[in-house]
Amino acid sequence: MEHSSEPRRKTVLAIASQGGHWVQLRRMREAWAGCHVIYVTTQEGYRAEIMATEPDAEFLTVPDASRWDRLRLIRSAIEIAWILLRRRPDAVVTTGAAPGYFAIRIGHLLGMRAVWVDSIANCDELSMSGEKAGPHSDLWLTQWPHLAQPGPRLRRGPRYRGATI
Amino acid sequence: MKLFLTVGSQLPFDRLTVAMDTWVDERNVPSRQVFGQIGPLGTGNYRPAAFSWTRLMDPKSFNTRFAQASHIVAHAGMGTIISALVSGKPIVLLPRKGALRETRNDHQLATIRHFRNRAGVWVAETEDELPEVIDEMLGSDDVAPARANMLADPDLTDAIREAILT
């Protein structure tokens, strides 16, 4: 039998579509410092940035899809489900959009910790994917104080704990 | 002076691309001082004549162009706004509008309201305002705006860390 006094290092799956979502996700990397991190995004071109700044991190891509493109959405969901089933991260963290939504819903079903941080671009109302994913998250955050709706767990909205910029 | 135009990668944004082309032409700006990333071509297949451009850029060439530019002109996308704030480069924003099918909703209109008061951020609400706002940015005596932090609020990352680890 193996004995270890050190707690097992947690694995975090950090997922976001390309562009602003990805830029915001990367700015939160202190949150998983010391964990094993698997980045998942929709743009292969980000690999170099990860290799340069976090060489220990893993980097995977899934198809990009908006909610207007049903077939690609389904393919994206299947690939994300496969990654989660195979890699079994302890936690899923996302800033959206569609890939993050799938990761939260599937990760939550699989008993993983789920963290949704709504994009700072949503300054007047929460994102549609955030509204749907939020109730399935262990931590649901908005980056705008005026959008926070803290409350009892069953009827809660997102909380505000600061912003990515 | 070196200007970098970027409209994001998902959808065309001809209102901005055309207004920029017109501005470069009317002000007689040498074409080597301007580079544009204009996204997929719009329904009118508009191609800028007054400056060199490309449709899409990989992150590496995007970062290079961004670093070489002294000023940015862009749609009001968060990735671009954050890049400008972090690198301390003045930026002019023209918001995409949902009603014109330039994006899925009017979130860029909300974005400009919340970011327009930041140092170094200039806003053109319509394409008609764009030439003057670019002139204003270029003529402003402001020293380069302070560079924003590379990382998110520590309060935010602490909250996420707690949720991940406990």
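Values in this document were obtained by computation on a predicted structure and should not be read as measured data. In what follows, chains are A, B, ... by sequence order, proteins preceding strands, each numbered from 1.
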Which bit of [X] comes within less than 4.5 Å of chain A, counting heavy atoms only: side chain, backbone, both or neither?
X        : result
B:Leu85  : side chain
B:Leu165 : both
B:Ala148 : side chain
B:Ser9   : side chain
B:Phe62  : neither
B:Asp155 : both

For [X], is it the side chain, the backbone, both or neither that has a heavy atom under 4.5 Å from a heavy atom of chain B?
X        : result
A:Val92  : neither
A:Trp144 : side chain
A:Ala114 : neither
A:Ile165 : both
A:Arg113 : side chain
A:Ala91  : side chain
A:Ala121 : both

If you measure from the Lys or Arg side-chain nitrogens to the Asp or Glu carboxylate oxygens, is any gap between [X] and [Y] under 4.0 Å?
X        : Y        : result
B:Glu125 : B:Arg116 : yes
B:Arg15  : B:Glu102 : yes
A:Arg8   : A:Asp90  : yes
B:Arg27  : B:Asp135 : yes

Quiz item: Can you tell which of B:Gly8, B:Gly79, B:Ala152 has the highest number of heavy-atom pairs within less than 4.5 Å of chain A?
Solution: B:Ala152
Exercise. Against chain A, work out which of B:Lys60, B:Met150, B:Gln108, B:Arg113 has the most heavy-atom pairs shorter than 4.5 Å and name it.
Key: B:Met150
Quiz item: Is the distance between the ring centroids of A:His146 and B:His114 less than 6.0 Å?
Solution: yes
Self-check item: Check: B:Arg104 and A:Met128 side chains under 4.5 Å, non-hydrogen atoms
Solution: no
Exercise. Evaluate the side-chain proximity of B:Arg55 to B:Leu41: yes if any heavy-atom separation is below 4.5 Å, no if none is.
Key: yes
Quiz item: Is it the case that one hydrophobic cluster holds both A:Ile120 and A:Tyr101, taking links as side-chain heavy atoms less than 4.5 Å apart, direct or via other members?
Solution: yes
Practice problem: Report yes or no: do A:Trp116 and A:Asp118 form a side-chain donor-acceptor pair below 3.5 Å? | Solution: yes
Exercise. Kindly assign one of parallel, tilted or perpendicular to the pair B:Phe35 and B:Phe4, based on the angle between their ring planes and the thresholds 30° and 60°.
Key: parallel
Quiz item: When only pairs under 4.5 Å are counted, which of A:Val23, A:Val12, A:Asp124 shares the most heavy-atom pairs with chain B?
Solution: A:Asp124
Quiz item: In terms of heavy-atom pairs under 4.5 Å, which option from A:Thr164, A:Asn122, A:Asp64 contacts chain B the most?
Solution: A:Thr164
Self-check item: Pairs flagged by side-chain hydrogen bond (donor to acceptor under 3.5 Å, both in side chains) wherever residues 34-44 of chain A is involved - sequence neighbours left out
Solution: A:Gln18-A:Gln43, A:Arg26-A:Tyr39, A:Trp32-A:Tyr39, A:His36-A:Glu58, A:Tyr39-A:Glu54, A:Glu44-A:Arg47
